Amino acid sequence: MIAGGIEAGGTKMVCAVAETSEDWREQKEPPHILARAQIPTGQPEETFAKMLDFFEPWDIVSLGIGSFGPLDLDRRSRTYGFVTSTPKQGWENRDFAGTFARARRIPVGFDTDVNAAVLGEVAWGAARGCETAIYITVGTGVGVGVYCNGGLLHGMVHPEAGHILLSRAPGDRYRGRCPFHENCMEGLASGPAIEERWGARAASLAGRREVWELEADYIAQAVADYILVYSPQRIILWGGVMHQTQLFELVRERARERLGGYVRHPMAEESIGEYIVPPALGEDPGVLGAVCLGLLEREYHKK
Ligand code: ADP
Ligand code: ZN
């Protein structure tokens with residue numbers, strides 16, 4: 001059987017169809033992607049139409065959407081499946097999931113981009129078999145997907161753990177990039193924050209040790225807090241900034257220091273190298289996670 005997924009970003013929509021089977025949970029390998037397309041995120045109508053065109057030839061059993069937010073994920077709400085108060089022009093209060101459910105008459109799973117990514121990694125990647133795991137992306141923004149006790153974490157809205165407040169490193173005079181908070185994780189540690197602080201493209205700063213030490217310090221503060229709050233069994237770190245792979249070792253060391261020996265478990269101590277890791281699904285956790293969201297939605301509708 002064939003299932004669809006959309007990783008919906010502010011600049012592009014990654015659409016894919018994948019070959020899977022009824023026992024997708026037991027599959028050792030992630031579903032094979034049969035076709036994929038990248039569609040620039042324009043105004044909703046034209047973008048929805050182009051995505052529907054991509055899926056049109058495929059007899060998909062379900063569709064999953066992992067989207068930029070904020071989103072309404074409350075099934076009891078009139079606006080469930082909508083993108084809500086986004087600053088992205090034209091997308092405010094748009095019915096994303098419903099548009100596809102009406103056009104295709106199939107189950108449509110809907111969640112945040114980062115929740116989709118953590119789900120994909122739990123199903124087929126680096127967090128396989130975990131009951132609790134998180135996926136942190138450090139890119140244009142900072143987002144955290146939380147899989148908790150066997151399900152994705154929602155709540156009043158959905159977690160926004162990329163905006164937790166951090167203590168500013170001594171000597172860091174950069175004011176931060178988030179318009180809402182002076183010293184939140186996204187404001188101090190996102191790719192654009194690095195670029196504004198140091199006045200150069202992040203990739204071009206690869207050889208500047210002080211840049212990545214400061215960055216690792218902020219990421220590690222957040223990671224230590226997530227360990228204390230969620231007690232994840234795996235932490236997956238990715239996003240454009242983590243292409244500086246030297247960050248992994250620095251973040252592991254500093255997160256351990258930050259915990260101060262309080263959390264006693266081999267995972268957070270001698271095995272930390274297998275605990276804080278990049279995704280196993282390569283560039284695909286988002287879109288494969290979206291496929292997984294759709295498969296879960298199909299099971300939800302069968303019940
Ligand atoms: P998005 O968050 O928009 O989905 P990415 O996760 O790719 O996209 O993040 C893009 C950001 O990551 C860029 O703004 C840039 O600051 C940073 N970035 C991209 N490539 C690198 C790199 N090789 N090294 C460090 N930072 C990078
Ligand atoms: Zn913020």
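As the structure lists them, so they are numbered: ligands from 1, and atoms in each ligand from 1. Values in this document were obtained by computation on a predicted structure and should not be read as measured data.
Remark: atom 4 (O) of ligand 1 lies closer than 4.0 Å to no protein heavy atom.
When heavy-atom distances to ligand 1 are checked against a 4.0 Å cut-off, R201 has no atom that comes that close, whether in backbone or side chain.
The protein atom (non-hydrogen) at minimum distance from atom 26 (N) of ligand 1 is A202 CB, 3.2 Å. Nearest to atom 6 (O) of ligand 1 among the protein's heavy atoms is G240 N, 2.9 Å. If you check which protein heavy atom lies closest to atom 2 (O) of ligand 1, you get T140 N, 2.9 Å. Protein heavy atom at the shortest distance from atom 9 (O) of ligand 1 is G139 CA, 3.2 Å. Here the protein heavy atom with the shortest distance to atom 14 (O) of ligand 1 is P192 CD, 4.0 Å. Among protein heavy atoms, the minimum distance from atom 24 (N) of ligand 1 is reached at Q244 NE2, 2.8 Å.
Using cut-offs of 30° and 60° on the angle between ring planes, the pair F48 and F96 is tilted.
Taking distance alone, with nitrogen or oxygen atoms compared against 3.5 Å, H243 stays at or beyond that limit from ligand 1. The distance criterion of under 3.5 Å between nitrogen or oxygen atoms is not met by V138 with respect to ligand 1. The shortest N/O to N/O separation between E195 and ligand 1 falls below 3.5 Å.
In this structure, the ring of F68 has its center less than 6.0 angstrom from the ring center of W91.
Closest to the Zn ion (ligand 2) among the N, O or S atoms of H163 is ND1. Considering just the N/O/S atoms of H181, the one nearest the Zn ion (ligand 2) carries the name ND1.
Contact check for E210 versus W198: side-chain heavy atoms found under the 4.5 Å cut-off. A 4.5 Å side-chain heavy-atom check between R175 and E182 finds every atom pair outside the cut-off. The side-chain heavy atoms of Q233 and I134, taken from C-beta on, include no pair separated by under 4.5 Å. A 4.5 Å side-chain heavy-atom check between E92 and F82 finds every atom pair outside the cut-off.
Set against the non-hydrogen atoms of G191, the atoms of ligand 1 under 4.0 Å away are 16 (O). When each atom of ligand 1 is checked for a heavy atom of G239 under 4.0 Å away, the hits are 6 (O).
Centred on the Zn ion (ligand 2), the angle running from C178 (SG) to C184 (SG) is recorded as 110°, rounding to 10°.
No side-chain donor from either of D72 and T84 sits under 3.5 Å from a side-chain acceptor of the other. H154 and D111 form a side-chain donor-acceptor contact under 3.5 Å, judged by distance and modelled atom types alone.
Residues M242 and I276 fall within the same hydrophobic cluster, defined by Ile, Leu, Val, Met, Phe, Trp and Tyr side chains chained together at heavy-atom separations under 4.5 Å.
Within 6.0 Å of the CZ atom in R75, the count of heavy atoms belonging to other residues, nucleotides or ligands exceeds 12.
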